[in-house]
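Reckoned from all heavy atoms, side chains included, excluding hydrogens, waters and symmetry mates. Remember, it's 1-based here, ligands and their atoms both numbered in the order they're listed.
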Amino acid sequence: MHKNKKNTRRDFIVTAGKASVAAGLGMTILPAMAAVKTNVTMGSFAEEVPYTQQPLAYAYNGLEPVIDALTMEIHYSKHAAAYAKNLADAVTAEKVDTKATSLQQLLGNISKYSGKLRNNGGGHYNHEFFWKSMRASADGNKPGNSLLPAIESAFGSFDAFKTQFTEIGKSRFGSGWAWLVVNADKKLLIGSTPNQDNPLMDISDLKGTPLLGLDVWEHAYYLKYQNRRPDYINAWWNVVNWDVVQQRFNAIG
Ligand code: MN3
């Protein structure tokens, strides 16, 4: 049993081997980040996500044909809105001081809180992060600047990276997320998390600062793709906002 468990875990955490992320990962602390009080070492550079749902940067039909307008509308205005509302209820009930504690810090200590806070805090963070990770569809969409060489160094090629990430997303059983993260050893990693967990959480097997996340819950794709999760993932590459992913990469150092 133990062996099976280990193997399963290894299946969904694909490391980048010994290849370190090439350039520019020195631990320069940005002035804005230095002011953040945290005892969380992992995810210290993670993107700030407010506790409340933010407006989308595009219309519900803005990601068509990859993501249809009805899916986008239900996903944002029903599913994600519910996570935000339930998070607000949970932080009130559990007396979290949201002025003193960022959502990122809260997630880094999530083992100290309820399942409701874990599910909805993760659900809210993940969706806000996901919306910002996308833009209008463009064929041949690729990362640029320093991120492309880092991906090529870590995974062999951009296509090899996409293949591995797609496989991780396809093979996540049930509901969850696929991620590209930078871990504490400054390596690029691909992995997945169940339900609404994420790599910032202290309870997560996959830990690191997320650069890119993909929602593989059925609600994210079922209306258009039904059971064809691989088709959804393959199409999704056309709407990844690599400029935002590059900014996240830059923020690490
Ligand atoms: Mn979702």
Side-chain angles (χ1 to χ4, degrees), residues 12 46-47 49-91 103-104 106-107 110 115-137 165-166 168-181 190-201 203-204 206 210-241 244-245 248:
F12 67 78
E47 185 163 308
V49 167
Y51 280 90
T52 53
Q53 198 174 30
Q54 304 298 301
L56 286 175
Y58 34 79
Y60 290 140
N61 66 359
L63 303 181
E64 286 192 340
V66 172
I67 298 176
D68 61 285
L70 184 57
T71 295
M72 194 66 219
E73 179 173 358
I74 295 170
H75 201 177
Y76 177 84
S77 71
K78 306 293 186 195
H79 293 282
Y83 294 123
K85 181 191 181 301
N86 291 332
L87 170 61
D89 292 347
V91 295
L103 181 55
Q104 293 77 337
L106 182 68
L107 296 175
I110 203 67
K116 178 174 179 176
L117 198 45
R118 172 176 169 176
N119 289 333
N120 292 287
H124 173 66
Y125 186 97
N126 294 349
H127 285 87
E128 290 289 309
F129 189 87
F130 182 54
W131 310 138
K132 288 171 72 177
S133 303
M134 298 186 289
R135 63 183 173 196
S137 182
F165 188 102
T166 300
I168 289 287
K170 276 163 53 180
S171 56
R172 162 50 59 191
F173 184 76
S175 299
W177 292 74
W179 302 96
L180 171 66
V181 306
I190 298 170
S192 76
T193 55
N195 305 311
Q196 294 296 354
D197 288 355
N198 73 34
L200 299 176
M201 292 180 173
I203 45 74
S204 180
L206 174 71
L211 300 180
L212 181 62
L214 170 62
D215 189 342
V216 295
W217 285 57
E218 282 188 346
H219 69 225
Y221 62 86
Y222 200 84
L223 290 179
K224 182 177 170 80
Y225 298 93
Q226 292 86 46
N227 59 318
R228 302 185 308 278
R229 189 191 288 183
D231 291 354
Y232 158 64
I233 301 175
N234 287 329
W236 177 74
W237 291 114
N238 294 320
V239 295
V240 172
N241 189 337
V244 164
V245 182
R248 291 167 179 160

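Looking only at atom types and distance, the side chain of E73 has no donor-acceptor partner in the side chain of T71 under 3.5 Å away. Using a 3.5 Å distance cut-off with no hydrogens or angles, the side chains of R229 and Y221 do pair a donor with an acceptor.
A donor-acceptor pair is defined here as one N or O able to donate and one able to accept, closer than 3.5 Å; no such pair exists between the side chain of Y225 and the backbone of P230.
Shortest distance from the Mn ion (ligand 1) to D215 is reached at OD2 (N/O/S atoms only).
Among the atoms of H79, none of the N, O or S atoms falls under 2.8 Å from the Mn ion (ligand 1).
The six-membered or imidazole ring of H127 lies away from that of W217, with a centre-to-centre distance of 6.0 Å or more.
Around the Mn ion (ligand 1), the two atoms NE2 of H75 and NE2 of H219 are separated by an angle of 90°, to 10 degrees.
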